[in-house]
Protein chains: 2
Amino acid sequence: MSGVSDSCFINKLDHYLQLTEREKLDLLVLEESPQVYEAGTVLYAEDKDEADALYIVQSGRLHASTVLADGGRALLKLHFAGDIVGTSNIPFTTAISTVTVVREARLCRFPRSSLTTLFEVHPRLAALFYSVGMLENVSLTDRLRSIGRTDGLSRIGSLLLEITSRLRVTNKDFGNEVELHMTQADIGDAVGLTHVHVNRMLRELADQGLIERTGSTVTILDEDRLREVAHFTERYHRIETDWFPAAKE
Amino acid sequence: MSGVSDSCFINKLDHYLQLTEREKLDLLVLEESPQVYEAGTVLYAEDKDEADALYIVQSGRLHASTVLADGGRALLKLHFAGDIVGTSNIPFTTAISTVTVVREARLCRFPRSSLTTLFEVHPRLAALFYSVGMLENVSLTDRLRSIGRTDGLSRIGSLLLEITSRLRVTNKDFGNEVELHMTQADIGDAVGLTHVHVNRMLRELADQGLIERTGSTVTILDEDRLREVAHFTERYHRIETDWFPAAKE
DNA sequence: CGCGGGCTTGATGCCTTTCAACTTTAGTGG
DNA sequence: CCACTAAAGTTGAAAGGCATCAAGCCCGCG
């Protein structure tokens with residue numbers, strides 16, 4: 001079993017499903033071995049690079065962004081350990097967003113061509129893949145609601161809670177102290193506010209005793225109350241697997 | 001071949017891919033026959049109804065919404081002919097949004113259990129399914145950008161263009177006259193504005209000679225200029241199929 | 001004909017942006 | 001170890017976009 005746990009996918013998918021030996025072995029063959037990318041690296045750029053691979057995040061942090069008409073930038077997705085990066089490029093030939101490494105990351109490249117085999121040989125894994133993709137859609141609709149219909153305080157609270165929630169998926173004994181790895185301008189690009197107002201809202205959250213800040217790490221002091229303020233709805237990070245095809249072998 | 005074209009799926013998927021006879025026959029067995037739902041019908045309600053089926057839209061209009069903390073409502077998705085409704089429920093047991101029929105619709109129910117067979121027997125269709133899901137993902141990020149970082153005028157322009165763009169997918173010779181089937185309050189819930197401000201922005205668009213309004217139908221007078229105002233990026237409604245597994249038979 | 005829902009428009013106020021300057025932090029080289 | 005610099009964070013003042021409140025209008029419907 002040693003070495004197997006080095007597979008990005010197995011760690012990821014095993015979280016949702018008990019993989020069979022056959023599934024694990026085949027996944028190992030399909031993915032490339034993990035590689036380290038330093039902070040600042042651009043994995044691929046929108047409207048420019050070919051979108052011919054996915055990347056599974058073993059560790060580190062990345063985000064997907066897009067350039068706006070006014071020269072600004074919007075952060076579309078945050079990627080954590082366990083995430084599959086690049087799925088939205090699947091239907092396209094060219095990348096539709098820019099993905100940047102924010103904190104040194106270990107990634108396994110998974111060429112799109114490997115998907116062919118995956119879908120052909122392992123329908124159960126294909127189903128899991130599909131479900132994970134739909135989970136991401138749900139996460140996007142949650143952000144749509146937050147950004148479209150709530151004020152700055154809620155939006156930022158929401159973001160903080162989303163980040164901690166996502167980190168807890170792969171790190172059960174995660175406390176309430178989060179290193180954001182985002183500047184206040186980044187936060188603004190993520191929730192649709194200027195960095196000036198982000199600053200004020202963070203301060204406001206601190207003044208209300210909901211969080212505490214030291215540098216770019218945030219400690220959530222009163223999570224329950226923060227959830228109320230942010231109207232945050234926790235999504236169960238488990239997947240309905242009843243309908244999945246049987247595993248091969 | 002008669003009767004076959006009555007299948008919701010075949011019409012939908014054939015748009016992206018030349019389906020084989022075997023694929024068509026199997027799809028027919030898996031989906032239920034189309035049924036008519038009148039405007040106002042709630043297909044399923046969030047946090048309440050079981051999420052055990054997809055619905056393929058043959059004709060009509062639907063939208064997915066969610067209730068906000070303040071009692072308001074947000075429109076998360078608009079569904080047109082050819083769409084697959086309910087995909088974001090796939091990973092869950094309970095519906096995560098409310099889907100309402102806005103204009104009398106013909107829908108084929110596709111039980112989640114049918115997905116099992118689909119993924120097992122037709123990896124190529126599973127791949128197509130996955131791609132369509134990711135297309136929806138992209139549509140959501142486009143809306144995130146629009147709602148998060150642009151003013152009211154752009155947001156509404158964007159919505160108008162998205163609707164016409166979506167309608168053109170299944171109706172090639174679609175003109176520039178759109179029946180929205182949305183009240184101004186609906187529009188507001190979709191783009192994150194109050195109905196009052198929606199009214200003003202629509203008027204502004206009309207004053208600028210970009211659109212013309214009669215009742216709830218909008219005629220786009222200067223599409224090029226509207227695209228500029230809205231910063232609208234048209235997405236190719238075709239799918240990269242190179243990596244798809246071979247069709248069965 | 002009366003009613004209700006949707007549309008329209010004005011007035012007021014608040015949330016957020018914009019502009020601008022200053023402070024702090026982190027990183028670099030002497 | 002400290003001076004220097006650039007990036008990030010902070011804070012104030014003024015302007016603007018959008019919400020809120022409120023009232024009148026229009027149309028389809030019983």
Side-chain angles (χ1 to χ4, degrees), chain A residues 38-40 68-75 100 102-104 146-160 179-208 211-218 229-231, chain B residues 38-40 68-75 100 102-103 146-159 179-208 211-218 229-231:
Chain A
E38 65 180 46
L68 301 171
D70 63 3
R73 188 189 57 159
L75 290 195
T100 313
V102 171
R103 189 194 179 193
E104 183 177 281
S146 169
I147 292 176
R149 310 301 314 234
T150 67
D151 60 15
L153 208 68
S154 302
R155 293 190 212 177
I156 290 181
S158 229
L159 182 71
L160 296 177
E179 231 299 339
L180 296 182
H181 296 297
M182 299 173 84
T183 67
Q184 293 181 1
D186 288 338
I187 297 176
D189 289 342
V191 300
L193 296 172
T194 59
H195 69 102
V196 176
H197 203 63
V198 168
N199 183 290
R200 294 190 169 114
M201 292 301 101
L202 282 173
R203 189 186 200 290
E204 173 71 20
L205 286 173
D207 284 351
Q208 291 190 18
I211 64 171
E212 199 172 66
R213 297 180 294 151
T214 42
S216 79
T217 75
V218 168
V229 170
H231 312 304
Chain B
E38 65 180 48
L68 302 170
D70 63 4
R73 188 189 57 160
L75 290 195
T100 312
V102 171
R103 189 194 180 195
S146 168
I147 292 176
R149 310 302 313 237
T150 66
D151 59 18
L153 207 69
S154 302
R155 293 191 213 175
I156 290 181
S158 229
L159 182 71
E179 230 300 338
L180 296 182
H181 296 297
M182 299 172 86
T183 66
Q184 293 182 0
D186 289 338
I187 297 176
D189 289 341
V191 301
L193 297 171
T194 59
H195 70 104
V196 176
H197 204 63
V198 168
N199 184 287
R200 295 192 167 113
M201 293 301 101
L202 282 173
R203 189 185 199 290
E204 173 71 20
L205 286 173
D207 285 350
Q208 291 190 19
I211 64 170
E212 199 172 65
R213 298 180 295 151
T214 42
S216 79
T217 76
V218 167
V229 169
H231 312 305

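All figures in this text were calculated on a predicted structure; none of them were measured in a lab. Lettering follows sequence order; numbering is per chain, from 1. Just so it is clear, the values below take in all heavy atoms, side chains as well, and ignore hydrogens, waters and symmetry mates.
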Please find the pair of heavy atoms, one from B:Gln184 and one from B:Arg213, that lie closest to each other, and give the distance.
NE2-NH1, 3.8 Å

Note, A:Ser216 side chain near A:Glu179 side chain (heavy atom, < 4.5 Å):
yes

Whole-Å distance, B:Ile156 CD1 to D:dG17 C1', equals 13 Å

Can you name the nearest heavy-atom pair linking A:Leu153 to A:Glu204, along with the distance?
CD1-CG, 3.4 Å

side-chain N/O A:Arg213 vs D:dA8 OP1/OP2, d < 4.0 Å:
no

Please check if the side chain of B:Asp151 supplies one atom and the backbone of B:Ser154 the other of a donor-acceptor pair under 3.5 Å.
yes

For B:Arg149 and A:Ala74, indicate whether the former's side chain and the latter's backbone hold a donor-acceptor pair under 3.5 Å.
no

Would you kindly give the CG-to-P distance between B:Leu202 and C:dG6, to the nearest whole Å?
16 Å

Polar side-chain atom of B:Asp189 near backbone of B:Asp186 as donor-acceptor pair, under 3.5 Å
no

Using a 4.0 Å heavy-atom cut-off, write out nucleotides 15-21 of chain C from 5' to 3' as B (base contacted by protein), S (sugar-phosphate only) or - (no contact).
-BBBB--

Measure from CD on A:Gln184 to P on C:dA26 and round the result to the nearest Å.
13 Å

Let me know the distance between CD of B:Glu204 and C1' of D:dG17, rounded to the nearest Å.
13 Å

Separation of B:Ile187 atom CD1 from C:dG6 atom C1', in whole Å?
12 Å

Nucleotide D:dG24, atom P - distance to CG of B:Asn199 in whole Å:
17 Å

